[in-house]
Structures are given as structure tokens and as C-alpha cells.
Amino acid sequence: QVQLVESGGGLVQAGDSLRLSCAASGRTYGSYAMGWFRQAPGKEREFVAGISGFGGSTNYAGSVKGRFTISRDNAKNTVYLQMNSLEPEDTAVYFCAAREGPAPAMSPRSYNYWGQGTQVTVSS
């Protein structure tokens, strides 16, 4: 069982940066691939970024590539999402998720555990 708690969301202006954190419980945290997803009002939950169990590989949605960076610190049981050059289109609730297995996936259905989400609002 893995429990996830996100933090770091807030209200910022276009062009600003935010760093989201996701703290995880569980002794086998390092064996889980992690993902960040987001969901805007009226839209489906979409993949943002993923990272393998020990951080060796990452992947990103095209809309955030070059602006967002996912990383993890397994000693702290924490995964991060550094978001730079934020745009109003990035406004959403951001969720972290854990997947049993070493490789990240882009489908929300591939993830076994979810956090409660943190709101990110970017004003123009």
C-alpha cells in the first residue's frame, strides 16, 4: 500500500514557476514508477510527466516538455514536478500517482495509487 500527499500548488502569474511535491509512504517506494497528471474543469485527466522507479528514465507530455521537470528523491520518498514558464493553460488540479512496476505509463488506468491533488492556477 502506498499513500501519496501532494503539496506546492497555488496561484501564480503567467511566466512564473512552481514546484510540486508528492510525499509517499511505503517501504518499497523505490520500486514504483511515479507520474504526475492534471485535470482541468470539464476535461479528462491527462498525463503530464512520469519517472521510473529509480529515476533512470522520464517522459513528458508534449505540452510541457522543456518547461516541466520531474524528479524523485527515494531517500525522502518524494517526487517533484518543477514547473517553469507557466501558462494559463496549465491551470488544473495536479495529481501524483504510483504504479507498481519500474516503468512509468501515460494512461491513468495504469496507476494503482493516487494523491488527493493540489490546485495550480495560472493567471494571464
Side-chain angles (χ1 to χ4, degrees):
Q1 186 78 11
V2 175
Q3 293 183 330
L4 306 172
V5 179
E6 302 97 334
S7 61
L11 172 63
V12 297
Q13 293 186 332
D16 286 350
S17 298
L18 275 177
R19 188 177 79 156
L20 306 183
S21 299
C22 174
S25 64
R27 293 181 297 172
T28 58
Y29 168 72
S31 65
Y32 290 89
M34 301 295 294
W36 283 99
F37 291 77
R38 65 187 183 187
Q39 188 166 18
K43 295 187 177 181
E44 294 186 352
R45 192 166 298 189
E46 65 173 358
F47 173 80
V48 175
I51 188 166
S52 60
F54 292 96
S57 65
T58 59
N59 56 344
Y60 297 91
S63 59
V64 307
K65 192 173 293 185
R67 298 189 297 123
F68 292 10
T69 303
I70 188 171
S71 61
R72 67 190 296 163
D73 184 341
N74 286 350
K76 297 182 178 180
N77 281 9
T78 302
V79 63
Y80 304 98
L81 185 68
Q82 177 67 43
M83 306 185 294
N84 298 329
S85 302
L86 283 161
E87 303 168 353
E89 293 74 20
D90 296 317
T91 295
V93 178
Y94 283 70
F95 299 88
C96 73
R99 178 172 184 268
E100 295 174 353
M106 297 181 69
S107 171
R109 298 177 182 176
S110 298
Y111 289 78
N112 307 96
Y113 306 101
W114 291 84
Q116 82 289 349
T118 185
Q119 177 71 47
V120 172
T121 303
V122 184
S123 64
S124 57

Participant: Might you point out which heavy atoms bring A14 and P88 nearest each other, and give the distance in Å?
Facilitator: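 Closest pair (atom of A14, atom of P88, distance): CB-CD, 4.1 Å.
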
Participant: Would you name the heavy atoms of S71 and V79 that are closest together and state the gap between them?
Facilitator: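 Between these two residues, the closest heavy atoms are O-CG2, 3.0 Å.
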
Participant: At what distance, to the nearest 0.5 angstrom, does OG1 of T58 lie from NZ of K65?
Facilitator: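 Taking OG1 in T58 and NZ in K65, the distance rounds to 9.0 Å.
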
Participant: To the nearest 0.5 Å, how far apart are CG in N77 and OH in Y32?
Facilitator: 11.0 Å

Participant: Is any side-chain heavy atom of M83 closer than 4.5 Å to a side-chain heavy atom of V120?
Facilitator: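 Heavy-atom side-chain distance check passes, below 4.5 Å.
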
Participant: On a heavy-atom basis, which atom in A92 and which in A40 lie closest, and how many Å separate them?
Facilitator: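 Scanning both residues completely, I find the closest heavy atoms to be CB-N, 3.8 Å.
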
Participant: Between A105 and S110, what is the shortest heavy-atom contact and its length?
Facilitator: CB-CB, 3.6 Å

Participant: Would you say the side-chain atoms of E6 pair up with the backbone N or O of Q116, donor to acceptor, closer than 3.5 Å?
Facilitator: yes

Participant: Mind checking the CE-CD1 spacing from M34 to I51? Nearest 0.5 Å is all I need.
Facilitator: 9.5 Å

Participant: What pairs of residues pass the disulfide (SG to SG under 2.5 Å) test when at least one of them lies in residues 40-79, not counting sequence neighbours?
Facilitator: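 Counting only pairs at least two positions apart or across chains, no disulfide (SG to SG under 2.5 Å) contact touches residues 40-79.
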
Participant: Looking at CD of E89 and OG of S124, how far apart are the two atoms once the value is rounded to the nearest 0.5 Å?
Facilitator: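 Separation between the atoms: 9.0 Å.
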
Participant: Please name all residues satisfying salt bridge (Lys or Arg N to Asp or Glu O under 4.0 Å) with E87, sequence neighbours left out, ordered by chain then number.
Facilitator: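 Listed in chain order: R67.
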
Participant: Got a sec, which residues hit side-chain hydrogen bond (donor to acceptor under 3.5 Å, both in side chains) with T121, two or more places apart in sequence or on another chain?
Facilitator: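 side-chain hydrogen bond (donor to acceptor under 3.5 Å, both in side chains) list for T121, sorted by chain: Q119.
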
Participant: Measure across S57 and P104 and return the closest heavy-atom pair with its distance rounded to 0.1 Å.
Facilitator: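 Where S57 meets P104 most closely, the heavy atoms are OG-CD, 4.5 Å.
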
Participant: Evaluate the criterion side chain to side chain contact (heavy atoms under 4.5 Å, CB included) for residue pair Y94 and L81; output intermediate values, then yes/no.
Facilitator: CA-CA 10 Å; Y94 283 70; L81 185 68; 4.2 Å; yes

Participant: For the atom pair CG (L4) and OH (Y113), what is the distance rounded to the nearest 0.5 Å?
Facilitator: 9.5 Å

Participant: Any side-chain heavy atom of V2 sitting closer than 4.5 Å to one from N112?
Facilitator: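 Side chain of V2 against side chain of N112, heavy atoms only: no contact under 4.5 Å found.
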
Participant: Does one hydrophobic cluster hold both V122 and L18, with members joined at side-chain heavy-atom distances below 4.5 Å?
Facilitator: yes

Participant: Which pair of heavy atoms, one from G53 and one from N74, lies closest together, and at what distance?
Facilitator: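 Scanning both residues, the minimum pair turns out to be O-ND2, 3.2 Å.
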
Participant: Sequence neighbours left out, what pairs pass side-chain hydrogen bond (donor to acceptor under 3.5 Å, both in side chains) with at least one residue falling in residues 12-22?
Facilitator: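 Passing the test, one end in residues 12-22: S17-N84.
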
Participant: Would you kindly confirm whether Y80 and W36 end up in one hydrophobic cluster when ILVMFWY residues are joined by side chain heavy atoms under 4.5 Å apart?
Facilitator: no

Participant: State whether the side chain of S25 and the backbone N or O of Q3 hold a donor-acceptor pair below 3.5 Å, judged by distance alone.
Facilitator: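 Such a contact is found between S25 side chain and Q3 backbone.
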
Participant: Please go through F37's hydrophobic cluster and name the other residues, only I, L, V, M, F, W, Y counting, with side-chain heavy atoms under 4.5 Å joining them.
Facilitator: F47, V93, F95, M106, Y111, W114

Participant: Can you list everything that forms a salt bridge (Lys or Arg N to Asp or Glu O under 4.0 Å) with E46? Sequence neighbours excluded, please.
Facilitator: R38

Participant: To the nearest 0.5 angstrom, please state how far the CZ atom of R72 sits from the OG1 atom of T78.
Facilitator: 10.0 Å

Participant: Checking the side chain of S123 only, and the main-chain atoms of V12 only, is there a donor and an acceptor separated by less than 3.5 Å?
Facilitator: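 Indeed, once roles are kept as given, a pair shorter than 3.5 Å links the two residues.
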
